[in-house]
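As structure tokens, the structure follows; a few thoughts come after it.
Just so it is clear, the values below take in all heavy atoms, side chains as well, and ignore hydrogens, waters and symmetry mates.
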There are 2 protein chains.
Amino acid sequence: MDDGVKSGQHAVRTSNLGLILRAVRRRAPCSRAEVAAATGLTKSTVSSLVGELIDRGLLREAGAAAGERRVGRPGVMLEVDDRSIAAIGLEVNVDYLTIVAVDLVERELFSRHADFDARAAGPGASVHRMAALLAEALADPLLAERTVLGVGIAVPGLVDAATGTVTHAPNLRWHDVALRGPVAAALARQGLGAVPVAVDNDAGLGAVAEHRGGHLAGTPDLVYVTGEVGIGAGVLVGGVPLRGARGYGGEIGHMPVDRGGPRCGCGRRGCLEARAGIAAILRGTVPDLLPDGPLAGAAIARAVRATAERAASGDARARGALAEAGEWLGRAAAVLANLLDPSAIVLGGYFVPLAPWLLPACEAAVAAHTIAPPRGGALVHASTLGLRAAARGGAASLVDALDRGRLPLPPRRRPAPRG
Amino acid sequence: MDDGVKSGQHAVRTSNLGLILRAVRRRAPCSRAEVAAATGLTKSTVSSLVGELIDRGLLREAGAAAGERRVGRPGVMLEVDDRSIAAIGLEVNVDYLTIVAVDLVERELFSRHADFDARAAGPGASVHRMAALLAEALADPLLAERTVLGVGIAVPGLVDAATGTVTHAPNLRWHDVALRGPVAAALARQGLGAVPVAVDNDAGLGAVAEHRGGHLAGTPDLVYVTGEVGIGAGVLVGGVPLRGARGYGGEIGHMPVDRGGPRCGCGRRGCLEARAGIAAILRGTVPDLLPDGPLAGAAIARAVRATAERAASGDARARGALAEAGEWLGRAAAVLANLLDPSAIVLGGYFVPLAPWLLPACEAAVAAHTIAPPRGGALVHASTLGLRAAARGGAASLVDALDRGRLPLPPRRRPAPRG
DNA sequence: CCGATTAGTTTGGTTTCCGTACGAACTAAA
DNA sequence: TTTAGTTCGTACGGAAACCAAACTAATCGG
């Protein structure tokens with residue numbers, strides 16, 4: 001029916017509010033006059049918009065200009081207000097639930113990691129547990145007086161972001177599970193009525209987290225590679241996660257990298273996952289510690305720790321297997337680099353603790369298979385966000401939406417100016 | 001310095017003009033009232049905006065409502081005006097120059113294909129030849145009274161779209177060639193002063209052409225695969241070409257598909273280009289017709305025709321080689337499909353005349369290597385735009401920019417209403 | 001011919017940004 | 001201490017754009 005979004009005066013103001021928020025975020029502390037010069041808006045417009053952002057707890061004044069003494073009236077410094085707002089991220093995965101709350105500068109206020117088998121528990125019990133974690137977070141004194149911007153939920157699978165539904169999450173064995181409604185209801189019981197609830201793919205949110213909060217912050221074109229039970233990719237294009245036509249996409253686990261290689265769970269041969277998935281790595285590094293059946297969550301974490309210990313102590317078998325896996329990862333990363341030309345490819349999940357032994361071979365393989373001239377720094381990095389990346393991405397995506405003027409502003413904390 | 005685009009009243013109007021243009025394009029013929037209902041704008045606003053679009057030659061009234069008779073005053077039908085505007089696309093490639101002019105509904109008004117060796121001629125002489133083609137097009141009676149929206153130039157290589165410069169085009173042996181300035185100067189000599197000149201990558205523009213004009217029109221997530229001397233990909237995400245961090249990207253020619261396969265010109269083994277590039281195909285189908293040295297432009301075209309003839313007449317060697325190449329193409333296409341989840345992958349260039357024998361094996365390989373559930377129709381298609389795809393994309397990208405309110409509107413042809 | 005219905009225009013109002021002017025706050029120098 | 005110069009932030013009128021509602025126009029059914 002509708003084919004686009006109409007504009008109006010309200011859209012203008014919303015867009016400019018986001019523009020100013022971004023400008024202050026980048027330059028803080030800075031004065032209104034600096035913002036006006038940077039954005040091209042007039043000083044009077046900036047004054048009006050900054051006033052509203054202050055009233056809503058998004059910006060604050062931070063005393064006079066410290067330091068350099070220049071001629072003329074000194075400006076009043078502005079900065080992002082990190083005391084009024086909280087954004088909450090939540091990740092459901094096969095073997096754990098993670099919750100993270102951040103402030104407007106994306107510093108962590110609260111985080112909790114809970115072992116939890118969402119597959120065995122099923123959607124209903126999982127939502128129940130998520131609600132309990134939310135209640136725990138909201139009860140924390142650091143969040144007490146804050147306005148909650150929203151809750152972003154990361155799920156390993158296919159998601160319909162418009163309706164907040166998990167369409168297809170094979171690892172969780174969830175199909176067509178509506179998450180937004182139940183979680184919003186749980187929030188309402190906590191007294192938070194109209195708080196937005198967003199549901200998204202974990203790899204895409206991992207990429208958002210790296211874009212906004214990791215040590216690569218600000219990089220708008222990057223790929224985040226998950227290293228959980230499967231291997232997935234979250235592709236960020238211009239700061240926006242790529243979804244594809246149907247919401248599938250980011251599937252790189254079964255990219256064929258080694259024709260005639262070992263058989264993969266999908267029935268084919270030589271898939272990336274069969275060569276560099278966490279199960280394949282562990283079979284190469286610590287075969288003596290693995291159970292006979294399929295690998296379960298906690299066993300993986302233990303085996304990964306053991307692998308890291310052995311590699312650190314110089315174990316040749318472990319190091320060799322890691323270098324080999326790193327090379328396969330690098331070949332796949334080179335395909336991504338050639339096709340997408342990202343600024344960075346970030347390895348997440350269980351790849352992080354193993355990165356010291358994966359990365360050298362990986363980078364060499366990338367260099368050997370990349371067409372474009374090499375860039376300044378390294379292309380492949382290990383995530384600094386660890387297992388909290390997707391949850392942080394859930395929270396960060398809300399702050400990002402606010403920054404871009406795509407989220408309703410939080411309510412005024414001071415009364416509106418005379419009207 | 002600047003980190004975003006400010007909004008103002010003008011931005012609102014521009015955006016809504018584009019919104020209405022798109023709405024009419026989709027629904028034509030339709031009345032102002034229908035447009036208002038579809039866009040959410042009020043009737044008065046639609047009236048004002050439609051008036052401006054008519055004055056500028058983008059829309060026109062098309063008599064009363066034909067056909068169905070309903071109660072009430074009948075609306076005045078609106079449609080996209082295909083008589084006032086022309087958009088010009090130009091493609092420079094290794095062995096030819098192509099120019100295409102289209103109207104606002106993207107019907108072809110003029111097209112010319114010229115054998116031309118841009119590599120031997122160099123940038124200066126190439127621009128000269130492009131100017132001559134432009135003059136020829138502008139002299140055509142079908143373009144006589146039209147306002148020229150702009151000129152979009154497709155180049156096989158890396159481009160800085162912001163400055164209109166060819167940064168790096170190895171096949172042309174062009175480096176840091178400024179195209180916008182000289183072409184704009186040539187247009188100015190034709191009396192077209194302020195006509196926008198856009199320079200972009202040929203694969204990306206091929207994708208735009210398929211998105212807007214091919215038989216897949218309207219598909220916003222697709223990949224266009226060029227089949228010229230090299231193999232490149234143009235990736236369209238939400239209707240916008242993906243550029244990547246530096247403008248590289250779309251490089252799939254050297255994706256490793258066959259470890260231990262034949263040696264490629266890049267020094268590696270088993271690249272897609274070495275398996276399914278046009279040179280590799282021709283070596284498999286018509287080895288007896290090929291010269292000893294490297295393949296030049298016209299010789300390729302002849303050999304491709306011969307290949308098609310032999311395959312059509314049932315030649316087993318030709319058909320076998322084409323099926324094999326199709327399978328390699330399909331393996332690469334499956335990687336793209338898994339990563340990007342496009343609605344379609346379109347084969348262009350020299351793949352088009354060979355498509356009847358490439359596609360069956362290609363589609364089988366895609367089906368065998370794709371993870372996501374299959375969609376309704378076929379995923380891989382042959383382009384219907386042939387060698388004119390990139391040039392058409394150059395023109396179509398300007399119409400697209402107009403549709404999205406990203407192009408200055410053409411001047412009024414009627415005086416502005418009383419003011 | 002008249003009411004009902006739908007289409008499109010006109011008029012007045014609101015919102016938002018912009019341009020200009022002005023007071024406030026500070027430095028520099030006599 | 002005074003004066004000039006500079007910069008910051010705010011206030012006010014104007015312009016541009018959309019919206020709401022009233023109004024005119026055209027057609028159908030009776």
Phosphate-side-chain proximity, B:Arg73 and D:dC28, N/O vs OP1/OP2 below 4.0 Å | no
Please tabulate the protein-to-nucleotide N/O contacts below 3.5 Å involving nucleotides 17-21 of chain C, giving atom names and distances.
unit_1 : atom_1 : unit_2  : atom_2 : d
C:dC17 : OP1    : A:Asn16 : ND2    : 3.2
C:dC17 : OP2    : A:Arg13 : NH1    : 2.8
C:dC18 : OP1    : B:Lys6  : NZ     : 3.3
C:dC18 : OP2    : A:Thr45 : OG1    : 3.2
C:dG19 : O6     : A:Ser44 : OG     : 3.0

What pairs with B:Val12 under side chain to side chain contact (heavy atoms under 4.5 Å, CB included), at least two apart in sequence or on another chain?
-> A:Ser7, A:Val12, B:Asn16
Short side-chain N/O contact to D:dT7 OP1/OP2 from A:Arg32, under 4.0 Å | no
Rounded to whole angstroms, how far apart are NE2 on B:His10 and P on D:dA17?
-> 7 Å
Contact class for B:Ser31 (heavy atom, under 4.0 Å): base, sugar-phosphate, or nothing?
-> sugar-phosphate
Listed once per pair and sorted, the salt bridge (Lys or Arg N to Asp or Glu O under 4.0 Å) pairs that draw on residues 75-89 of chain A, sequence neighbours left out = A:Arg60-A:Glu79, A:Arg60-A:Asp81, A:Arg60-A:Asp82, A:Asp81-A:Arg83, A:Asp82-A:Arg107
Pair A:Ser31, A:Arg73: side-chain N/O donor-acceptor within cut-off below 3.5 Å = no
Please list, chain by chain and in numerical order, all residues satisfying side chain to side chain contact (heavy atoms under 4.5 Å, CB included) with A:Val24, sequence neighbours excluded.
-> A:Ile20, A:Ala28, A:Cys30, A:Val35, A:Leu59, A:Leu78, A:Val80
Taking only residues two or more places apart in sequence or in another chain, which ones pass ring-ring contact (aromatic ring centres under 6.0 Å, His included) with A:His215?
-> A:His381
Rounded to whole angstrom units, what separation is found between the CE atom of B:Met77 and the P atom of D:dT27?
-> 12 Å
Which residues pass the side-chain hydrogen bond (donor to acceptor under 3.5 Å, both in side chains) test with B:Ser47, sequence neighbours left out?
-> none
